[in-house]
Amino acid sequence: MIRIGDYNTLEIIRESEQGIYLSDDEDNQVLLPNRYVPEAFKIWEKLEVFVYLDNEERLVAVTDEPYILRGDFALLRCNQVTDHGAFLDWGMVKELFCPFQEQAFKMKAGGWYLVHCYLDDVTKRLVASSKTNRFLDNKELTVQQFDEVDLIVSHPSDLGMNVIVNNEHLGLIFTEDIFKDVSVGDRLKGFVKKVREDNKLDIVLGKIGYRKIEPNADLVMEYLGDTNDGFLALNDKSNPDDIKNVLQMSKKTFKKAIGTLYKQRLITIESDGIRLID
């Protein structure tokens, strides 16, 4: 079966004036237009192509790489808004359509929006929706506490920043756990800090508890090693904002990290900072 909105590995079966025809194992066929045909090819050779509907609603294969695939989320730019809806740049000749009813907020030309790409059941066309939460489900979780997860920053809230977890679930990074600049559409690595009774996910960008100490101690060592004299003008008395600005970690995490290094006799803690022991 040829998958619309995704990459397909298909066989070259014949040439035509318009290009070459490709087929899957079930003899479903699609045209690869001349502009995408490789200079050298052989019949029955396999090609990886992206398949979607062109401007005339015909199934077509291309070798272009879209910014988003069916079932994925991505930050896309709105090229234009018409009486029908918004049209987004997703790296293809035909723009990706986002109907008005699928816009969380009214889109404007030139704006950037986090959207989900899906196949409309009625039109069988690929469309976008900025109402991303409706494509996420926390009823049956595929993650647990302490798991490392892939994140896409979704939208801010009064409590912090909402994130898409592993392309499936909705999570939240609380404001007090954000120690670096994050923006909508950013792709990050994180960890599940807590799974609440209602299956809500608390997410952090660093490891949790005892798991968190060693990586951050390594980070402090790397920073000290990169300085000319192995000195960092921060210690356990420093202002939390100063620690956040330099190392992008909380004061509590920093104190645990330098405590570990001090016990291992790798640093000295001085009145104005910490110093690497030669």
Side-chain angles (χ1 to χ4, degrees), residues 2-8 18-19 30-36 49-138 150-173 175 178 181-188:
I2 294 178
R3 302 182 307 278
I4 299 176
D6 205 348
Y7 291 107
N8 295 256
Q18 294 79 28
V30 61
L31 174 70
L32 181 71
N34 283 317
R35 61 179 295 184
Y36 302 107
V49 293
F50 180 77
V51 177
Y52 75 125
L53 298 181
D54 64 13
N55 285 318
E56 298 182 18
E57 307 301 329
R58 299 173 301 188
L59 196 66
V60 65
V62 298
T63 54
D64 292 335
E65 297 181 5
Y67 303 147
I68 188 172
L69 300 178
R70 174 181 170 184
D72 285 346
F73 300 85
L75 189 69
L76 301 181
R77 183 182 185 276
C78 176
N79 281 347
Q80 60 175 320
V81 178
T82 70
D83 293 337
H84 303 288
F87 292 84
L88 310 178
D89 176 15
W90 63 316
M92 309 298 287
V93 174
K94 180 185 178 181
E95 296 169 327
L96 184 62
F97 179 58
C98 183
F100 288 120
Q101 64 267 26
E102 290 298 333
Q103 298 175 25
F105 302 96
K106 188 175 180 180
M107 293 182 174
K108 296 181 180 180
W112 290 81
Y113 303 93
L114 182 70
V115 299
H116 178 77
C117 179
Y118 67 99
L119 189 69
D120 183 80
D121 291 333
V122 177
T123 65
K124 301 304 178 183
R125 294 183 299 179
L126 295 170
V127 293
S129 173
S130 62
K131 297 180 178 180
T132 54
N133 280 5
R134 76 181 188 88
F135 300 97
L136 303 172
D137 187 1
N138 284 40
D150 293 315
L151 306 173
I152 303 174
V153 179
S154 177
H155 57 281
S157 77
D158 293 338
L159 299 176
M161 190 68 77
N162 289 286
V163 290
I164 296 168
V165 180
N166 286 352
N167 235 38
E168 296 182 70
H169 310 307
L170 180 65
L172 176 70
I173 306 175
T175 300
I178 300 175
D181 293 334
V182 294
S183 302
V184 173
D186 284 353
R187 294 178 181 269
L188 308 166

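- Heavy atoms of other residues, nucleotides or ligands lying less than 6.0 angstrom from NZ of Lys108 number 12 at most.
- Within the 4.5 Å cutoff, the side chain of Val93 has heavy atoms near those of the Arg35 side chain.
- Salt-bridge formation is detected for the pair Lys94/Glu57: a Lys NZ or Arg NE/NH1/NH2 atom is positioned less than 4.0 Å from an Asp or Glu carboxylate oxygen.
- In this structure a side-chain-to-backbone donor-acceptor pair under 3.5 Å is present from Asn162 to His155.
- Distance alone, capped at 3.5 Å, places no donor-acceptor pair between the Asp72 side chain and the Cys117 backbone.
- Considering Thr63, Leu69, Asp64 in turn, Leu69 is the only one that fulfils the side-chain contact (heavy atoms from CB on, under 4.5 Å) rule with Phe50.
- Considering CG of Asn34 and OH of Tyr36, their distance stands at 11.5 Å, rounded to 0.5 Å.
- Put simply, CD on Glu168 and CG on Asp137 are 9.0 Å apart, with the number rounded to the nearest 0.5 Å.
- Of all heavy-atom pairs between Leu88 and Cys98, the closest is CD1-CB, 4.4 Å.
- Between the CD atom of Glu102 and the OG1 atom of Thr132 there is a distance of 11.0 Å, given to the nearest 0.5 Å.
- The backbone N or O of Leu53 lies less than 3.5 Å from no partner atom in the side chain of Arg125, so there is not a single donor-acceptor pair.
- Of all heavy-atom pairs between Arg134 and Ser129, the closest is NE-OG, 4.2 Å.
- Within the 4.5 Å cutoff, the side chain of Trp112 has no heavy atoms near those of the Val184 side chain.
- Val163 is listed as a side-chain neighbour of Val165, based on a closest heavy-atom distance under 4.5 Å.
- Side-chain contact between Val127 and Tyr118 is present, with at least one heavy-atom pair separated by less than 4.5 Å.
- Among pairs with a residue in residues 59-86, those fulfilling ring-ring contact (aromatic ring centres under 6.0 Å, His included) read Phe73-His116, at least two apart in sequence or across chains.
- Among all heavy-atom pairs drawn from Leu96 and Ile68, the shortest one is CD2-CG2, 4.2 Å.
- Arg187 meets the salt bridge (Lys or Arg N to Asp or Glu O under 4.0 Å) test with no other residue; sequence neighbours excluded.
- For the pair Asn8 (side chain) and Asp6 (backbone), a donor-acceptor distance under 3.5 Å is present.
- The structure places OG of Ser154 at 7.5 Å from CG of Leu136, a figure rounded to the nearest 0.5 Å.
- The minimum heavy-atom distance linking Gln103 with Ser130 is given by the pair CA-OG, 3.3 Å.
- The shortest side-chain heavy-atom distance between Ile152 and Asn167 falls under the 4.5 Å cut-off.
- For the pair Ile178 and Met161, the minimum side-chain heavy-atom distance is below 4.5 Å.
- One finds the CG atom of Leu151 at 12.0 Å from the NE2 atom of His169 (value rounded to the nearest 0.5 Å).
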Requested in this report: Might you work through the side-chain contact (heavy atoms from CB on, under 4.5 Å) test for Met92 and Val62, ending with a clear yes or no?
Outcome: CA-CA 9 Å; Met92 309 298 287; Val62 298; 3.4 Å; yes
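- Side-chain atoms of Asn79 do not come within 3.5 Å of backbone N or O of Phe87 as any donor-acceptor pair.
- Nearest approach of Gly110 to Arg77, heavy atoms of both residues: CA-NH2, 3.7 Å.
- Checking side-chain atoms of Asp150 against main-chain N and O of Asn166 turns up no donor-acceptor pair under 3.5 Å.
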Query raised in the report: Between Ile164 and Leu114, does a side-chain contact (heavy atoms from CB on, under 4.5 Å) hold up when you go through it step by step?
Result: CA-CA 11 Å; Ile164 296 168; Leu114 182 70; 4.0 Å; yes
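- Between the side chain of Tyr7 and the backbone N or O of Glu65, no donor-acceptor pair lies under 3.5 Å.
- Between Val81 and Cys78 the shortest heavy-atom distance is CG2-SG, 3.7 Å.
- Between the CG atom in Asp181 and the CG atom in Asp186 there is a gap of 9.5 Å [rounded to 0.5 Å].
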